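Below, chain A is the first sequence line, B the second, and so on; all start at residue 1. Being a predicted model, the structure only gives us computed values, none of them experimental. When reading the values below, keep in mind they use all heavy atoms of this one structure, side chains included, and skip hydrogens, waters and symmetry mates.
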2 protein chains.
Amino acid sequence: MTGYYRNGGYRNGGGRNNHQHVYTDGASSGNGRSGARAGYGVYYGDNDSRNTSMPLSGSRQTNQRAELTAVNHALRNSDPNQPLTIHSDSSYGIKSMTEWGNRWDQNGYRTSSGGAVANQDLIREGRDLIASRNVPVSFSHVPSHSGNHGNDMADRFATNGAKMH
Amino acid sequence: MTGYYRNGGYRNGGGRNNHQHVYTDGASSGNGRSGARAGYGVYYGDNDSRNTSMPLSGSRQTNQRAELTAVNHALRNSDPNQPLTIHSDSSYGIKSMTEWGNRWDQNGYRTSSGGAVANQDLIREGRDLIASRNVPVSFSHVPSHSGNHGNDMADRFATNGAKMH
RNA sequence: CGACACCCAGUGUC
DNA sequence: GACACTGGGTGTCG
């Protein structure tokens with residue numbers, strides 16, 4: 001239960017239970033300082049050719065944008081016809097895609113204190129990708145650096161991606 | 001300039017420029033593991049009878065407590081009427097006695113994330129010792145294991161002290 | 001105020 | 001390569 005999030009509003013068309021599990025992570029060396037360099041990693045499984053280690057593009061090299069970009073990459077690079085669970089250590093990323101995002105779609109992406117929600121571009125993009133699927137996408141929170149193999153691998157990919165600038 | 005810290009708020013009463021230089025270091029074999037044994041070393045100069053190599057007392061045998069204890073020993077065992085520079089490789093120890101300590105004296109020893117500052121007993125003790133002097137106490141950071149003779153000697157004394165339990 | 005991340009720095013070790 | 005001891009900060013939300 002704990003740490004498990006699911007997007008609703010879909011029907012399962014098929015019935016073949018090929019549930020996909022993907023681990024995502026973001027990194028930003030020097031986060032918050034000028035000259036920060038971010039990267040993201042996506043881990044599908046050992047020796048899986050879809051595994052990804054990439055530098056973040058764009059001028060805002062923050063940890064949060066890296067986390068969101070990793071999620072969007074997983075959304076785009078997975079079978080859209082089979083259920084997917086994205087395992088992330090970012091509560092911010094998960095909630096932006098689920099509970100917070102649901103509210104923001106209704107209030108015009110306004111923060112509880114009235115400001116504009118940051119990183120809207122990436123959040124809207126991810127939520128569009130989820131909405132365009134006909135099978136469920138779930139999110140599961142995994143504590144960082146807790147010995148979880150998938151998270152550890154995604155972390156390495158993300159850190160490495162940040163060095164590729 | 002770099003790595004040089006000074007405590008303010010004093011007047012030089014005398015004028016005899018007998019500036020003292022002392023090297024301090026702490027060690028803790030098995031730091032962080034149960035059964036760790038810590039020690040500290042203070043080096044005043046070759047063949048100086050004040051040179052010290054001692055095991056750390058108390059139940060918390062950490063590297064940080066050893067570093068702070070070495071500094072406090074130097075403060076207590078030096079001429080309080082002549083300027084003193086303490087050379088340490090511990091940024092933690094130096095900043096606890098200077099810039100961080102200044103803030104903590106005003107905020108009740110609260111960490112930037114709200115928690116209680118660790119090793120307060122030793123930090124308050126050292127800052128009291130400094131405040132009770134009528135001549136300046138300065139701190140200088142020396143990189144560890146960099147071939148600095150004073151630091152190397154203090155390191156040996158500290159390591160040896162840890163073995164005296 | 002709380003939460004989850006992302007760091008930066010210096011030590012101490014195994 | 002790994003871990004522990006400690007502090008400072010930003011990214012973002014409720």
With heavy atoms under 4.0 Å as the rule, sort [X] into base, sugar-phosphate or nothing.
X: A:Arg37; value: nothing
X: B:Gly114; value: nothing
X: A:Thr111; value: sugar-phosphate

Below 4.0 Å: OP1/OP2 of [N] and any side-chain N or O of [X]:
X: B:Ser29; N: C:rU13; result: no
X: B:Asn119; N: D:dC5; result: no
X: A:Ser91; N: C:rA5; result: no

(message) Show me, range against range, the stems involving RNA chain C, built from at least 3 consecutive Watson-Crick or G-U pairs below 3.5 Å.
(response)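 When the pairs of RNA chain C are grouped into runs of at least three, the stems are C:1-14 with D:1-14.
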Among [options], which is the nearest nucleotide to the side chain of [X]?
X: A:Trp104; options: D:dC13, C:rC6, C:rU11; result: D:dC13
X: A:Arg103; options: C:rG10, D:dG14, D:dG8; result: D:dG14
X: B:Gln64; options: C:rU11, D:dT6, D:dT12; result: D:dT6
X: B:Ala118; options: C:rC6, D:dG7, D:dG9; result: D:dG7

Between the protein and nucleotides 2-4 of chain D, list the N/O to N/O atom pairs that are separated by less than 3.5 angstrom.
residue	atom	partner	partner atom	Å
D:dA4	N3	B:Asn31	ND2	3.4

(message) If I take atom OG from residue A:Ser132 and atom CG from residue A:Leu75, how far apart are they, to the nearest 0.5 angstrom?
(response)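 A:Ser132 OG to A:Leu75 CG: 8.0 Å, rounded to 0.5 Å.
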